Amino acid sequence: MEEREHLVEELNQLRKENSELRRRVTELTDFIENAAIPLHWVDKNGIVVWANQAELDALGYTADEYIGSSIASYHADADVIGDILTRLTNNETLNNYPARLRHKDGTIRHVLISSNVLRENGEFVHTRCFTKDITAMVEEEQRRSELMRKLEESEARLRQAIEAIKLGTWDWDTQTGEMYLSTECRRILGLSGLEAISVEEFLAQVHTDDRSRLESEVNRLMQGTSSNQFDVSYRFRRLDDGELRWLRTQGTLFVDDENRPDRFAGTMLDVTDARMADEKDARLVAIIESSNDAIVGKTLQGCVTSWNPAAQHIFGFTEEEMVGQSIVKIIPDDRVEEESFILSRLGAGENIAHFETKRQRKDGRLIDVSLTISPIRDSAGRIIGASKIARDITEKKLEEQRKNDFVAMVSHEMKTPLTSILLYTQLLMKNARKNEDRTGLQMGSRMEAHIKKMILMVQDYLSLARIEEGKIELRQERFDLCPLLEEIVQDAQLLSARHRITLTGCNMISLFGDRDKIGQVLINLVNNAIKYSPSGGSIHIECELRDGAVRIAVRDEGIGISEVDQKKLFQRFYRVTNEKVRNIAGFGIGLYLVAEILRYHGSAIEVESREGEGSTFSFELQLAS
Ligand code: ADP
């Protein structure tokens, strides 16, 4: 009986202990299941066999999805989970092993894993893993290092920029009076070593004209009444070499909590070169602005980029009306072609000097201008535009016109009396011949030759005036060349006994042209041959027939013409200037007329010459059919 009671008591005790144990297991299970730390177990094949709610929440899966799947599939790095499983199998305990897990939504979670294996009788039962999510911390760390990297980068860039522009920096503690100067700043001031410089010493180097301005700016800043920004340019006598330099100092004044000046810091730049360049620019601008000639800049497309006051005065258009517009605005309709010609020459890098042409004013009036045009190049030497200087030569042209008119008028008035003198001379000669008055005849011939020379001069002037007015007219007819040449040779021979003039191959040639003007050409050539052979010699006039035309050449044994001069001989008013021709008078219009008259006849004058040996002038004319 006693024993039974004892058993019952023992049973009751066991029941009590059992229910107590069950209560504690339930509590413990609940504690683990709902713990804030993610926990899971993995079997020896790497399959998840259990996970608590925190673990499921952390990765976003349901228990059904998670439990029974391979733990490796949640790891972002295959080698990491491989290593973890190997270590655990080898009985290691992992403590805060870093890994990256993949959340169901695709994002990466950074975690630290602590784990070891539960074994029973040496058999692998499962792992016990604690996972600590440190994603927020890792991301914060990454963000911070990215920021640091960017900061370092921009600091390096700033430093490079400061070095590149030779910018000095300085920092002045206004309370202790301590001054920090960067290396560049020291270089600018001419401080060779690391020696300090006091404010007084600094001011002593500032040019007296600038010192008070600098001081009053500093005082203004210190009083703190206006802006805290400082920007002053002043001349400073550099400490090492005593050179006077223009410096620009910019800075900001910082104040402490009680609004007292605390730090004054900023930059310093040597701006001497820039200022010199500015001054030079300013001087050039002043010259352009005050010039009497129009100075115009334009692009290679002819778009106006600058227009000075003289341009406005000469052409009547204001700067606003022209800049950005085409230069064609001032070119008369019949000269628009000129512009493309000018631009193409500029494009090839050529200069154009004293090109005389006409331009049209805003009021429509045409003016005479002389243009000098040069290419504008960029720093790499590429042609990017043109600068044009235009001088108004309308007055000069008018003056020239008046002079020409005067000479033409005088020449015209002289033509009639000269012609009658020639006529009377010829009559006198006729009488002398009849009376066999040999002296009279001889003197008459001389007079005749000289009068003809004067008539030629008058004729040349009148022809010149007509050509300039574009009024030259040819009176073309059929004529025999031989009598014309014989007459010319006879007259010329009378003018000079020292020259022997011969005619070869000029018989029986009929030409079609203006007899008087061809005569003028030949007389000019023969007279020149005499004039430019001061020591005498032979002058040969040779005719050579070649299919349908005759080539007429006038050859002398005179002083000859240099190659340079040969190119310019036929320009209006061109005369050679050297020792040999110093005493030979002339106007430089003879050969110009020769060239022009032949041009009107569809022909051209050619020259062959060697200095000291002689010259040959020749041209071709069509035979009369
Ligand atoms: P001008 O004789 O009045 O100076 P031209 O027009 O007839 O003017 O001639 C122009 C220049 O050409 C002359 O100044 C002279 O130097 C040169 N010239 C012309 N003809 C000859 C020649 N036959 N021999 C040498 N030089 C000549």
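Values in this document were obtained by computation on a predicted structure and should not be read as measured data. In listed order, ligands and their atoms are each counted from 1.
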Under 4.0 Å between heavy atoms, the region of D556 that gets near ligand 1 turns out to be side chain

Which atoms of ligand 1 sit under 4.0 Å from any heavy atom of [X]?
{"X": "I561", "value": "25 (C), 26 (N), 27 (C)"}
{"X": "K531", "value": "1 (P), 2 (O), 3 (O)"}
{"X": "V576", "value": "14 (O), 16 (O)"}

Counting heavy atoms only, which of T577, I539, L569 is nearest atom 12 (O) of ligand 1?
L569

Which option wins on minimum heavy-atom distance to atom 20 (N) of ligand 1: I530, N528, V581?
N528

State, without any angle test, whether Q442 and S445 hold a side-chain donor-acceptor pair at a distance under 3.5 Å.
no

Checking ring pair (Phe, Tyr, Trp, His ring centres under 6.0 Å) for the pair F479/F512: CA distance, chi angles, key distance, verdict?
CA-CA 6 Å; F479 67 92; F512 185 76; 8.8 Å; no

Heavy atom of the protein closest to atom 15 (C) of ligand 1 (residue, atom name, distance)
Y532 CZ, 3.4 Å

Determine whether [X] and [Y] make a side-chain contact, defined as any pair of heavy atoms from C-beta on separated by less than 4.5 Å.
{"X": "T357", "Y": "F355", "result": "yes"}
{"X": "I605", "Y": "F570", "result": "yes"}
{"X": "Q360", "Y": "I331", "result": "no"}
{"X": "V550", "Y": "L623", "result": "yes"}

Pairs involving residues 471-502, ordered by first then second residue, that meet disulfide (SG to SG under 2.5 Å) (sequence neighbours left out)
none

Can you find an N/O atom of [X] closer than 3.5 Å to an N/O atom of ligand 1?
{"X": "R575", "value": "yes"}
{"X": "G586", "value": "no"}
{"X": "F617", "value": "no"}
{"X": "Y574", "value": "no"}

Salt bridge K403-E399, side-chain N to carboxylate O under 4.0 Å:
no

Does G558 come within less than 4.0 angstrom of ligand 1, counting non-hydrogen atoms of the residue?
no

